[in-house]
K.L.:
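Sharing a structure, written as structure tokens. Questions coming.
By convention in this document, chain letters (A, B, ...) are assigned in the order of the sequence lines, proteins followed by strands, and residues within each chain are numbered from 1. Side chains included, hydrogens not; waters and symmetry mates left out as well; all remaining heavy atoms used.
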4 protein chains.
Amino acid sequence: MQKKNVPSMVKDEQLIQRRRAQMVKGAVTLFIQKGFHRTTTREIAQESGFSIGTLYEYIGSKEDVLYLVCDSIYDEVRMRLEKLLETNTTGTERLKQVIESLFRVVDDMQDEVLVMYQEIKSLPKEALAYVLEKEEALTLIIEKAVASSCQAGEVELTEEETKLLSHNIMVQGHMWAFRRWSIQKQFTLSTYTELQTRRLLDGVRKRHVMMGKK
Amino acid sequence: MQKKNVPSMVKDEQLIQRRRAQMVKGAVTLFIQKGFHRTTTREIAQESGFSIGTLYEYIGSKEDVLYLVCDSIYDEVRMRLEKLLETNTTGTERLKQVIESLFRVVDDMQDEVLVMYQEIKSLPKEALAYVLEKEEALTLIIEKAVASSCQAGEVELTEEETKLLSHNIMVQGHMWAFRRWSIQKQFTLSTYTELQTRRLLDGVRKRHVMMGKK
Amino acid sequence: MQKKNVPSMVKDEQLIQRRRAQMVKGAVTLFIQKGFHRTTTREIAQESGFSIGTLYEYIGSKEDVLYLVCDSIYDEVRMRLEKLLETNTTGTERLKQVIESLFRVVDDMQDEVLVMYQEIKSLPKEALAYVLEKEEALTLIIEKAVASSCQAGEVELTEEETKLLSHNIMVQGHMWAFRRWSIQKQFTLSTYTELQTRRLLDGVRKRHVMMGKK
Amino acid sequence: MQKKNVPSMVKDEQLIQRRRAQMVKGAVTLFIQKGFHRTTTREIAQESGFSIGTLYEYIGSKEDVLYLVCDSIYDEVRMRLEKLLETNTTGTERLKQVIESLFRVVDDMQDEVLVMYQEIKSLPKEALAYVLEKEEALTLIIEKAVASSCQAGEVELTEEETKLLSHNIMVQGHMWAFRRWSIQKQFTLSTYTELQTRRLLDGVRKRHVMMGKK
DNA sequence: TATGAATGAGTATTCATTCAT
DNA sequence: CATGAATGAATACTCATTCAT
């Protein structure tokens, strides 16, 4: 799936990047506060530091802003995640690290994650498909760590189980944000991480290993 | 938290109930198709089978419709869930049944669940709080089943772990709907249910019990 | 060609007729002053005596107003023309009467005729086709009078010549309006009518008749 | 009436001429396609082969472009007409030639003639007056031919009739363009020219000449 | 109680024009 | 001289809400 092409009247590619970055920054702030539909294009322009006319020099429609925002959030999540994963661990150690890192990123970007969950549906079909692909790509990072843990012989999972587990981890990350009204009242991030990690790993640990340990 | 009072010009309480039921039915259909913001009050009135004037005899604002819709979805989820749980099981058996029932209800009401996840944020603060309470009450049903499983001595969990597990179960139900673009391509509902149930229970099963079984 | 259907949100057909009449009246005034493109929908609403919202209860787009205006102008031209032609004359007498009547109607409706000439091109294709048909129907009235004059044996014309003559008469009527900056400085309507009538008839009069008269 | 002064930031008169020629060429193409109001200045600049900034180095406003276009169309009509009239005929022969030439020019420049008829009204007052003078000057060419025919003694016309006839000829030329939706379906240019010429001349031919011929 | 016509604030988008580079 | 990014007033159209019947 190709990156959706957002039309611009401006030729200087560098300038486009800069302006769109401003735009996304302003828009995210507003979308977090009032959501996509309740935010006007004028507000986006103003918050971004330029006029409404200029805004439309860099996009074709309001929906393009949403697309740029979603795209950018995914890129940032991925970037932060990869940054936290730079060390070269493997096996279950790796998996623990992925979980902790994911949760930490979600914690840092709670509002952005919420925007994604709630506004994504307003994207035009094509853009939506593209964004969902990014989500799957992200899930794949987790899947690789799970697989690595399998290969290390520490856990045994079918391919199906691997996939499902990855989804579970991803969603447990997200729910730290979208159920924060309940979860964050009861847990700190580190308790949450610890409890979830233990549960996730206990469930998959090889039986004989466990018993051996015992 | 009190049920939010939705104003009506009409006295006959029965009529109010009937009209609002029509209204919610029409609105849900539309919200599923186009979302709350893209649906007009005129459309809601038409889909409900009465005029725009009449619509406003039974609500005070468009947001009231959203509130009624969310409220009604929760009531239906709860009703269906309780229906499926009428038999008097206990212990781990009970827990399995709760999980399976929840997943089945979510499967039946996927679109409604999605509407909730995506439009809830558009509710006015007070209404939002009320609806979130309903969500917590729902989670409590699960929590009770988990606790019942503990009491049966089949699993051992701290109170914290109990709460978290309940959230996890709830969210794993919901994700069947909101990640369907990926999950429902890979799993049938019964596979999904089976895999998730196994994982959830394996993780919590008492060690000695497991070994004993061994 | 069917009359184009202009959409309306209002059900009462009578009301639609009344409101659209107001609308056309207001719009014509404005189009005469500033042309279609320089007139805003708000101005049309205001001049028509209702709000912009109400305007859009009776039309689907600004172009619909132009269509209604053109349609209405043609209807009025035709109505006035037919009124002036109610007496039952025939032959050349009839033709003279048609010419005089046409010129008189154009004189009365100069501004409207100009609007037609200048804004018709802004109509959507379908509407344009419909309006041009009305123009042809009007030309047919003239053609019938010319034919009547032929049948009376006073003039002899091929079918082609009949058609062309009718166009000429029509356009000579219109030019009284669209060349008024020059023609109306030099002629009064009655002089113009007399001169044009003489020329039109002299050119077609049967040769032997003329000579017989001589 | 002075030629309207179109302001330019550029000194080099030659360059001004060249750029404006490009501009008019581009603009005519666009005005024919979409009319003056639906054409943007950006489009004009692009079609002309330079940037929007450059466009405004050679004009003061969008209306100036329309003025230049109208001015240029008149000049070309005149030029072409004069070219076709270079041979030194006189009398009725001359008149026939003028008619045929005019019709031929209009046929060649149909779109341009239409633009004139439909957009002229958007000119600012002063520019409009200037352009109408050009139209009158053009009519004068015809008038001279008619007069020449009179002087040759072949037709007899009062001064009033001469003027009116010239207008008629002019308009019969134009109508070949602006009623083409009907006329060009029924006639070829040469039939149209022949029929109209015959009618125009028959109507004015001296009575005794005609009879003599007879 | 039911209706639907009326309202006008609000919104996305366009485009002529300017001006710093 | 040429460029094209920036501007913001202007504009068509929408839609939640009201209220007279």
K.L.:
Could you give the CG-to-P distance, from C:L55 to F:dC15, as a whole number of Å?
P.N.:
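Those two atoms, CG and P, are 16 Å apart.
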K.L.:
If the condition is side-chain hydrogen bond (donor to acceptor under 3.5 Å, both in side chains), which residues does C:Y74 pass it with, not counting sequence neighbours?
P.N.:
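Only C:E135 meet the side-chain hydrogen bond (donor to acceptor under 3.5 Å, both in side chains) criterion with C:Y74.
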K.L.:
List the atom of C:Y58, the atom of C:R19, and the distance in Å for their closest heavy-atom pair.
P.N.:
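Scanning both residues completely, I find the closest heavy atoms to be CZ-CG, 3.4 Å.
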K.L.:
Let me confirm one number: the CZ-CD distance from C:R18 to C:Q14, rounded to the nearest 0.5 Å.
P.N.:
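Atom-to-atom, C:R18:CZ and C:Q14:CD are 7.5 Å apart.
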K.L.:
Which residues in residues 56-69 of chain A have a heavy atom closer than 4.0 Å to any atom of DNA chain E?
P.N.:
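A:Y56, A:S61, A:K62, in order of number.
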K.L.:
Taking B:K3 first and then B:D71, would you say they form a salt bridge - that is, a charged N and a carboxylate O separated by under 4.0 Å?
P.N.:
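A salt bridge is present here (some side-chain N lies under 4.0 Å from a carboxylate O).
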K.L.:
When the distance from NZ of B:K11 to P of E:dT1 is rounded to whole Å, what number comes out?
P.N.:
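Between P of E:dT1 and NZ of B:K11: 8 Å.
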K.L.:
Expected output is a numbered-order residue list: members of residues 18-51 of chain D with a heavy atom under 4.0 Å from any atom of DNA chain F. What is it?
P.N.:
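Residues of residues 18-51 of chain D under 4.0 Å from DNA chain F: D:R19, D:F50, D:S51.
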K.L.:
Under 3.5 Å, side chain of D:S48 to main-chain N/O of D:F50, donor-acceptor pair present?
P.N.:
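No, because the side chain of D:S48 does not come within donor-acceptor range (under 3.5 Å) of the backbone of D:F50.
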K.L.:
With sequence neighbours left out, what residues match A:K125 under salt bridge (charged side-chain N to carboxylate O under 4.0 Å, His left out)?
P.N.:
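Here no residue qualifies.
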K.L.:
How do A:T54 and C:G53 order along DNA chain F: which one's closest nucleotide is nearer the 5' end?
P.N.:
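Nearest nucleotide further toward 5': that of A:T54.
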K.L.:
Can you say whether the rings of A:Y130 and A:Y67 are parallel (under 30°), tilted (30 to 60°) or perpendicular (over 60°)?
P.N.:
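Tilted: the ring planes of A:Y130 and A:Y67 meet at 30° to 60°.
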K.L.:
Measure the CE-CD1 distance between C:M9 and C:I59 for me, rounded to the nearest 0.5 Å.
P.N.:
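These two atoms lie 12.0 Å from each other.
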K.L.:
Give, for atom CD1 of C:I32 and atom CG of C:L114, the distance between the pair rounded to the nearest 0.5 Å.
P.N.:
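Those atoms lie 8.5 Å apart.
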K.L.:
Look at D:E63 together with C:R38 and state whether they make a salt bridge at an N to O cut-off of under 4.0 Å.
P.N.:
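Yes, D:E63 and C:R38 are salt-bridged.
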K.L.:
With nearest nucleotide decided by heavy atoms, which residue, C:I52 or B:I52, maps closer to the 5′ end of DNA chain F?
P.N.:
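So the residue in question is C:I52.
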K.L.:
The criterion is salt bridge (charged side-chain N to carboxylate O under 4.0 Å, His left out); which residues satisfy it with D:E57, sequence neighbours excluded?
P.N.:
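Applying salt bridge (charged side-chain N to carboxylate O under 4.0 Å, His left out) to D:E57 gives none.
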K.L.:
Both atom distances under 3.5 Å, Watson-Crick or G-U wobble: I'd like the secondary structure of DNA chain F as a dot-bracket string, with | for pairs made across strands.
P.N.:
.||||||||||||||||||||
K.L.:
At under 4.0 Å between heavy atoms, what does D:M9 touch on the DNA or RNA strands: base, sugar-phosphate, or nothing?
P.N.:
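Nothing: the residue D:M9, judged by heavy atoms under 4.0 Å, touches no strand.
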